[in-house]
Amino acid sequence: GDRFGVVDDLSVTPDLQIADLDLQIDSLIHPWVGDLVVGVKGPSGLGMELIHQPAVCDQKCTGQDVTCLRDTCRPGANDGDNFVNTRIDDSSVSDLFAAGPSAAPFTGAWLPYLNSPSLGMSGFPASFDAVGQLGHFNGTSTRGTWQLRLIDRRRGNTGALGSWSLIVTPVTYQCGP
């Protein structure tokens, strides 16, 4: 439980214009991923939370009533272990916020937090980002220091970041006619 978190820097030398960017968490060991907030900050200063206290989502219905009163998600309730080869990708169709603990260790491609279609079920207004959170980096340069910030929102558990990376698809140019 560290409300200030820890920051890990990644220095990128090549100057490529970004056409698409994904964040890959190769290894983040923690026994309760619902405690975690993970954000990235680019060299330009643009930063955002991509993982925010993954939830457990339930459907609340009454008796034989086929009309559900409300779908609910409980942020921070996901007690799944670890992120291993977890890729945050605007073009994914998988909802990490609502995946639940059975999806641990969350290997594969997942939507960023603010692109979660389940966000509105957690009691917050749906704030779906039509551009895609990572799409805000498109057109910017890769060169400089990128930062990954990890915050553990609850006391009692500790974790360790093994490694992370950026997966960059650069803008391509054609020469000649």
Side-chain angles (χ1 to χ4, degrees), residues 1-30 33-55 73 75-76 78 82-99 106-154 159-174:
D2 183 350
R3 64 185 177 106
F4 297 109
V6 63
V7 175
D8 190 61
D9 291 345
L10 175 67
S11 183
V12 177
T13 304
D15 185 11
L16 303 172
Q17 186 179 7
I18 298 171
D20 185 60
L21 179 71
D22 296 343
L23 170 70
Q24 174 91 9
I25 300 172
D26 302 312
S27 173
L28 173 55
I29 305 304
H30 193 280
V33 298
D35 291 354
L36 302 177
V37 176
V38 179
V40 67
K41 182 177 174 184
S44 69
L46 175 63
M48 60 199 66
E49 290 181 3
L50 298 173
I51 299 172
H52 185 90
Q53 296 185 277
C73 291
N78 189 327
N82 312 323
F83 290 118
V84 177
N85 295 323
T86 304
R87 186 173 183 161
I88 306 301
D89 180 353
D90 287 336
S91 62
S92 177
V93 295
S94 299
D95 186 354
L96 179 61
F97 180 71
F106 309 98
T107 300
W110 300 91
L111 287 169
Y113 170 63
L114 288 179
N115 292 108
S116 167
S118 303
L119 192 56
M121 293 191 306
S122 64
F124 301 107
S127 59
F128 185 79
D129 187 341
V131 172
Q133 279 189 268
L134 289 164
H136 293 284
F137 288 107
N138 293 355
T140 66
S141 173
T142 57
R143 181 179 287 168
T145 301
W146 291 78
Q147 295 181 324
L148 187 75
R149 177 178 296 274
L150 304 169
I151 299 171
D152 186 342
R153 300 288 304 249
R154 292 198 183 99
L161 175 64
S163 62
W164 65 282
S165 55
L166 298 171
I167 301 168
V168 177
T169 303
V171 171
T172 56
Y173 299 94
Q174 291 184 325

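The structure places CG of Asp8 at 7.5 Å from CG of Leu150, a figure rounded to the nearest 0.5 Å. The OG1 atom of Thr169 lies 4.5 Å from the CG atom of Asp20; values are rounded to the nearest 0.5 Å. Going from atom CG of Leu114 over to atom CD of Gln133 covers 4.0 Å, rounded to the nearest 0.5 Å. Here the OG1 atom belonging to Thr140 is positioned 8.0 Å from the CD atom belonging to Gln17, to the nearest 0.5 angstrom. Residue Ile51 holds its CD1 atom at 7.0 Å from CG of Leu23, rounded to the nearest 0.5 Å. Once rounded to the nearest 0.5 Å, the distance linking CG of Leu134 with CG of Leu46 reads 9.5 Å.
The two residues Thr142 and Pro14 have their closest heavy-atom pair at OG1-O, 2.6 Å. Between Ala99 and Phe106, the shortest heavy-atom contact is CB-CE2, 4.2 Å. Nearest approach of Tyr113 to Glu49, heavy atoms of both residues: CB-O, 4.3 Å.
Two rings, from Phe83 and Trp110, have their centers 6.0 Å or more apart.
The main-chain N or O of Asp26 is never found under 3.5 Å from a side-chain atom of Ser163 such that the two would form a donor-acceptor pair. Not one N or O on the side chain of Thr145 forms a donor-acceptor pair closer than 3.5 Å with the backbone of Asp9. Judged purely by atom type and a 3.5 angstrom limit, Arg154 uses its side chain to pair as donor or acceptor with the backbone of Gly76. Checked by atom type and distance alone, the side chain of Arg153 never pairs as donor or acceptor with a backbone atom of Leu36 at under 3.5 Å. Distance alone, capped at 3.5 Å, places no donor-acceptor pair between the Asp89 side chain and the Ala109 backbone.
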Decide side chain to side chain contact (heavy atoms under 4.5 Å, CB included) for Leu50 and Val40; before the verdict, give the C-alpha distance in whole Å, the side-chain angles of both, and the deciding distance to 0.1 Å. CA-CA 7 Å; Leu50 298 173; Val40 67; 3.5 Å; yes
Could you walk me through whether Ile88 and Leu96 satisfy the side chain to side chain contact (heavy atoms under 4.5 Å, CB included) test, starting with their C-alpha distance in whole Å, then the side-chain angles of each, then the deciding distance to 0.1 Å, before giving a yes or no? CA-CA 9 Å; Ile88 306 301; Leu96 179 61; 4.0 Å; yes
Apply side chain to side chain donor-acceptor pair (under 3.5 Å) to Ser141 and Asp15, showing your working. CA-CA 6 Å; Ser141 173; Asp15 185 11; 2.4 Å; yes
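The closest side-chain donor-acceptor pair between Ser116 and Asp95 falls under 3.5 angstrom.
Each of Ile25, Ile29, Val33, Leu28 was compared with Asn82 under the side-chain contact (heavy atoms from CB on, under 4.5 Å) criterion, and only Ile29 meets it. Among Asn138, Val171, Leu166, the one residue that satisfies the side-chain contact (heavy atoms from CB on, under 4.5 Å) test with Ile18 is Asn138.
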